[in-house]
Amino acid sequence: MTAPLVPLPATLVDELRRLIDQSRAAAARSINSELVWLYWQIGRRLREHVVGEGRAAYGEQVVADVAASLSAEYGRGFSKRNLHHMLRFAEVFPDPEIVHALRAQLSWTHLREIIALDDPLQRRFYVELCRLEGWSTRTLQEKIAGMLFERTAIAKRPEAVVQEALSALGEGGRMTPDLVFPDPYVLDFLGLPASFGERELEAAILRELEGFLLELGQGFSFIARQKRMSIGAEDFYLDLLFFHRPLRAIVAVELKLGRFDARDKGQMELYLRWLDKHERQPHENPPLGLILCADKNEEQIELLQLSEGSIRVASYLTELPPRALLEKKLLEAIAHARAQIGAAPRPITSGGEPST
């Protein structure tokens, strides 16, 4: 008499699936790491040969000849275009120790996007955030296309301050408000009509909360809308309340339809003090405030010192302007801010196809 068949436990199959998926993911990471290292070595060797000759026409011919030979034997991965990427990789990341760290954390497709940027601080900014927040290549492309670096307050700081902040981010994962709050925020996904009120803006944000959180950046969690705060005999209502995990702080957000008014600062200071007294947990940092307005006077912001401290002011765009116009305005704002603090001008571009 045969023994009755025992049903296969579903948990066993699930466990085996996890093992297979984990092994495949580990294999893919290992392959990517080796490819990145190989591409850097190829780029470095080609660069040594081409730069040593010092002739651009000769260098192009070498790259074309090498591409033809390697492609015939190893396939399209070694085309002329890809060899130029490898040359660029070795040019902007000459230190092998840095490359060893990068290849353990970023894919070759990530690195191709980053090496196309001309400004070293831009490259480092995207490397650190990509590593810390685990961006996909598509997310990285969207962040670069959306000019995240230029919109972040850190772009307006002196180079030494930027380097210090990025070092703290890379070595200890320590975020600063300058890295968290961009300006302007692009809220074109809300689909607002030509004329709208604050309640409509708030309702649209809550309706499209996922998109709004993506625009705010990684690390934000929604807590409440119209947070009631009783102060004496009066009740006040905060538009939106979030928590930011890397900063370990609650973030109060006030929405303003019009231009920033200096009185908005006093209102936000009141809210932050109440939150500090009644909502802040012992392990948390002091609350932060973000005033989102349709427009602002930069001189007022400077005089009120709102580019520092616990309150930040940023504008929002409900329609995305042409990229050239947005880029022009952002670069002018960066140049103005750096001139105010006496920092030497530093050219910032939005990247593009690198020359070799």
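Please read these numbers as outputs of a predicted model, since none were measured by experiment.
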Point to revise | ILVMFWY cluster, I31 and V36 together (side-chain gap under 4.5 Å) | key: yes

Study note, to complete from the structure: The reported gap from CG in D295 to CG in L257 (rounded to nearest 0.5 angstrom) is 13.0 Å

Study note, to complete from the structure: Heavy atoms of L272 and S310 approach each other most closely as CD1-OG, 3.8 Å

Exercise for review: Indicate, with yes or no, if Y74 and V66 share a hydrophobic cluster defined by side-chain heavy-atom contacts under 4.5 Å among Ile, Leu, Val, Met, Phe, Trp and Tyr.
Suggested key: yes

Revision key, fill the gap. Interatomic distance, CG@L275 vs CD1@I223, rounded to 0.5 Å, equals 9.0 Å

Revision key, fill the gap. Quick note, ring pair (Phe, Tyr, Trp, His ring centres under 6.0 Å) partners involving residues 121-140, not counting sequence neighbours, are F125-F149

Review point. Roughly how far apart are I144 CD1 and E142 CD, rounded to 0.5 Å?
Key: 11.0 Å

Review point. Closest heavy-atom contact between A294 and Y316?
Key: N-CE2, 3.5 Å

Study note, to complete from the structure: Applied to residues 97-109, the salt bridge (charged side-chain N to carboxylate O under 4.0 Å, His left out) test, sequence neighbours excluded, yields E34-R103

Review point. Does a salt bridge link E215 with R151, judged by any charged N lying under 4.0 Å from a carboxylate O?
Key: yes

Exercise for review: Considering non-hydrogen atoms only, spot the tightest contact between D118 and R123 and give its length.
Suggested key: O-NH1, 3.3 Å

Exercise for review: Identify the heavy atoms of K265 and I311 that sit nearest to each other, and give their distance.
Suggested key: O-CD1, 4.0 Å

**Study point:** Heavy-atom pair with the smallest gap, counting every atom of H110 and C130
**Key:** CD2-SG, 3.4 Å

Review point. Is R273 salt-bridged to D276, cutoff N-O under 4.0 Å?
Key: no

Practice item. Could you check whether the rings of W37 and W40 sit parallel, tilted or perpendicular, using 30° and 60° as the cut-offs? Key: parallel

Check your understanding: How long is the gap from NE2 on H278 to CD1 on I231, to the nearest 0.5 Å?
Key -> 7.5 Å

**Study point:** Verify same cluster id: L35, L106 (apolar side-chain graph, 4.5 Å)
**Key:** yes

Practice item. Can you see which heavy atom on L247 is nearest to which on N285, and at what distance? Key: O-ND2, 2.7 Å

Practice item. Rounded to the nearest 0.5 Å, what's the gap from CD on Q105 to CG on N32? Could you check? Key: 11.5 Å

Review point. Does the pair K256/E198 count as a salt bridge with the N-to-O cut at 4.0 Å?
Key: no

Review point. Given the rule in the side-chain contact (heavy atoms from CB on, under 4.5 Å) test, do Y271 and E254 qualify, once you have shown the distances and angles that lead to the verdict?
Key: CA-CA 10 Å; Y271 291 172; E254 272 291 285; 3.8 Å; yes

**Study point:** Mutual orientation of the aromatic rings belonging to F212 and F242 [parallel < 30°, tilted 30-60°, perpendicular > 60°]
**Key:** tilted

Point to revise | Proximity of F89 and W108 rings by center, below 6.0 Å | key: yes

Check your understanding: Between R88 and E91, is the closest basic N to carboxylate O distance under 4.0 Å?
Key -> yes

